[in-house]
Amino acid sequence: MTVTDRTSGDRPWPGDVARDLGEPGKFPFTRGAYPGMYTKRPWTMRQYAGFGTAAATNTRFRALLAAGQTGLSTAFDLPTQMGYDSDHPMAAGEVGRVGVAIDTVDDLAVLFGGIPLDGVSTSMTINATAAVLLAMYVVVGEESGVARRSLSGTIQNDVLKEYIARGTYIYPAEPSLRLVTDIFRFVADEEMSFNPISISGYHMREAGSTAVQEVAFTLANAMEYVQRGIAAGVPLASFGPRLSFFFAAHNNLFEEVAKFRAARRLYARLMRERFGADDTTARLRFHTQTGGVTLQAQQPMNNVVRVTVQALAATLGGTQSLHTNGYDEALALPSEESATLALRTQQILAYESGLGDAVDPLAGSWYVESLTDRIESEARILIEEVDAMGGAAAAVEAGFFQRAIADSAWAAQQALEAGDLTVVGVNRFTDDAPPRLMAAPDFGALEREQHERVAAVRAARDTDRVTRALSEVRTAAAGDTPMMPSIIEAVRARATIGEISDVLRDSWGIYRGTAE
């Protein structure tokens, strides 16, 4: 079709069609980030996994790769995300529960054992300790003979949304943003095929934001990161093309499709208006995960249908990679059966549904185009509110994002309880079936095993070398030199994630949250 086609009789098109719709792969990218989209190849199928120990997670990684997964995505446990070693008192009862426990680079080597790091793309959902995990990944690569520029993947590294919605922050905003831009510089200088950040709306949506807020707040954060990168002396041309995004896919099929299209178009316009970005730098590329908060413990097999609808929305909206949740994740960590079925859902969409036969199948739908216009317009208004506060970091400190999301979450809960919002099996079409019980790992044994692993590393390493390396981290933190070289040396010396994080806690302090 051409941009002058009309599919709704005499009804007027919303907006200016030539300006707003454009062509796939060209500014403003409404119809897709690349000209051919899935007609050339399917999206990357990247299932999220992390199970207690590195060895157990490696087993799941291998099973998913054997089943046809095309990219790895790593979930880390809370102590790893918060910069505590597994044997720290703060880690008690949390080791390995929501992801894999990583204390030293040796754990990461086990995690990726037997997996060619120069042949697979790896995404790591890690934020406050992103610099340490990236350093570990670099050292695992070099110790297995893989050059830095041969490593590919994404490090989440989006600390602003941690203050807003997710909560795994450690340090105050300013030093945290310094670490973010240090990673921008490092990835650019090393010419790595790595996305140095995944700017994430997903967690804000999980916390209760609307679709419009998800777009607006994610792009407001993106503007802050771009400004910070440029201010730190990193050329936009060296990091802009490698910025990536992460969105949720929820159940309202057409709103979600329009959300993705609006996000792509609004980002392109903001980058051109504010930074004079060219098409390469104004192109929004994103990963999608189906909505964890939409999964229900009641009638859990219904989640298979929800995930399929959400995956369809993500692919019709033009995602570059996708994770589909297992139907049992409202009950426990996903079983191998449910994780495989979730992957098969993507494969059926990719190879049986005809999605790859057209670049943007819904382009020209009056309904989709009008929804896209509405979401873009309303999101821009919210971004202008953030701008008026001084940008995203200032809006975080003012509690603006947090209050807006809390209000939206409360309104949605009221609608559910009033019956104005239907969730099948929860407040309509219910039954008396008892909740399913899922087997859980022996977390106590897992924690003891991890304690033994970290103790063995401490006993075998060169203590003087570790002390010198941590001193270099402290010196870098106190000054204004790039942090990554000293963190890499500390990791190489077998300093633990907790030891490195403690040096930074001592240097920078910790974030205590916003005052109401």
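In this chain, residues are counted from 1 in sequence order. These values consider heavy atoms only, across backbone and side chains, with no hydrogens, waters or symmetry-generated copies.
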For the OG1 atom of T57 and the CZ atom of R62, what is their distance to the nearest 0.5 Å?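 One gets 12.5 Å once the value is rounded to the nearest 0.5 Å.
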dist I183:CD1 -> R178:CZ (nearest 0.5 Å) comes out at 12.0 Å
What I want to find out is whether [X] reaches [Y] closely enough, with some N-O distance under 4.0 Å, to be called a salt bridge.
X	Y	answer
E256	R205	yes
R269	E273	no
E214	K259	yes
R261	D360	yes
E499	R461	yes
R492	E489	yes
E191	R148	no

So do the side chains of [X] and [Y] get within less than 4.5 Å of each other, counting heavy atoms only?
X	Y	result
L151	D118	no
T324	R344	no
I500	V491	yes
I197	F245	no

Apply side-chain hydrogen bond (donor to acceptor under 3.5 Å, both in side chains) to [X] and list each qualifying residue two or more places apart in sequence or on a separate chain.
X	value
E143	R494
R272	D279
S121	R46
D189	none

Query raised in the report: Aromatic rings F184 and F239: how do their planes relate, parallel, tilted or perpendicular, breaks at 30° and 60°?
Result: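 Taking F239 first and then F184, their aromatic rings lie parallel (interplane angle under 30°).
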Aromatic rings Y169 and Y511: how do their planes relate, parallel, tilted or perpendicular, breaks at 30° and 60°?
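Judged by the thresholds at 30° and 60°, the geometry between Y169 and Y511 is perpendicular.
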Here the side-chain hydrogen bond (donor to acceptor under 3.5 Å, both in side chains) pairs for residues 64-76, sequence neighbours left out, are none
Give every residue pair that meets the salt bridge (Lys or Arg N to Asp or Glu O under 4.0 Å) criterion with at least one member in [range], sequence neighbours excluded.
range	result
residues 217-236	E174-R228, E224-R228
residues 440-456	D107-R453
residues 65-91	D85-R458, D87-R458

### Task
Scan for ring-ring contact (aromatic ring centres under 6.0 Å, His included) pairs involving residues 444-481, sequence neighbours excluded, and state none if there are none.
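Non-adjacent pairs meeting ring-ring contact (aromatic ring centres under 6.0 Å, His included): zero.
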Is there any ring-ring contact (aromatic ring centres under 6.0 Å, His included) pair reaching into residues 115-159, and which pairs are they, with sequence neighbours excluded?
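Residue pairs with at least one partner in residues 115-159: F112-Y137, Y137-F194.
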Quick one: does K26's side chain have a donor or acceptor within less than 3.5 Å of a partner on E23's backbone?
-> no
Q. Among all residues two or more places apart in sequence or in another chain, which pass the ring-ring contact (aromatic ring centres under 6.0 Å, His included) test with Y38?
A.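 Only W43 meet the ring-ring contact (aromatic ring centres under 6.0 Å, His included) criterion with Y38.
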Those residues at least two apart in sequence (or on a different chain) that pass ring-ring contact (aromatic ring centres under 6.0 Å, His included) with Y225 are none
Between L504 and L179 the two heavy atoms that sit nearest each other are CD1-CD1, 4.4 Å
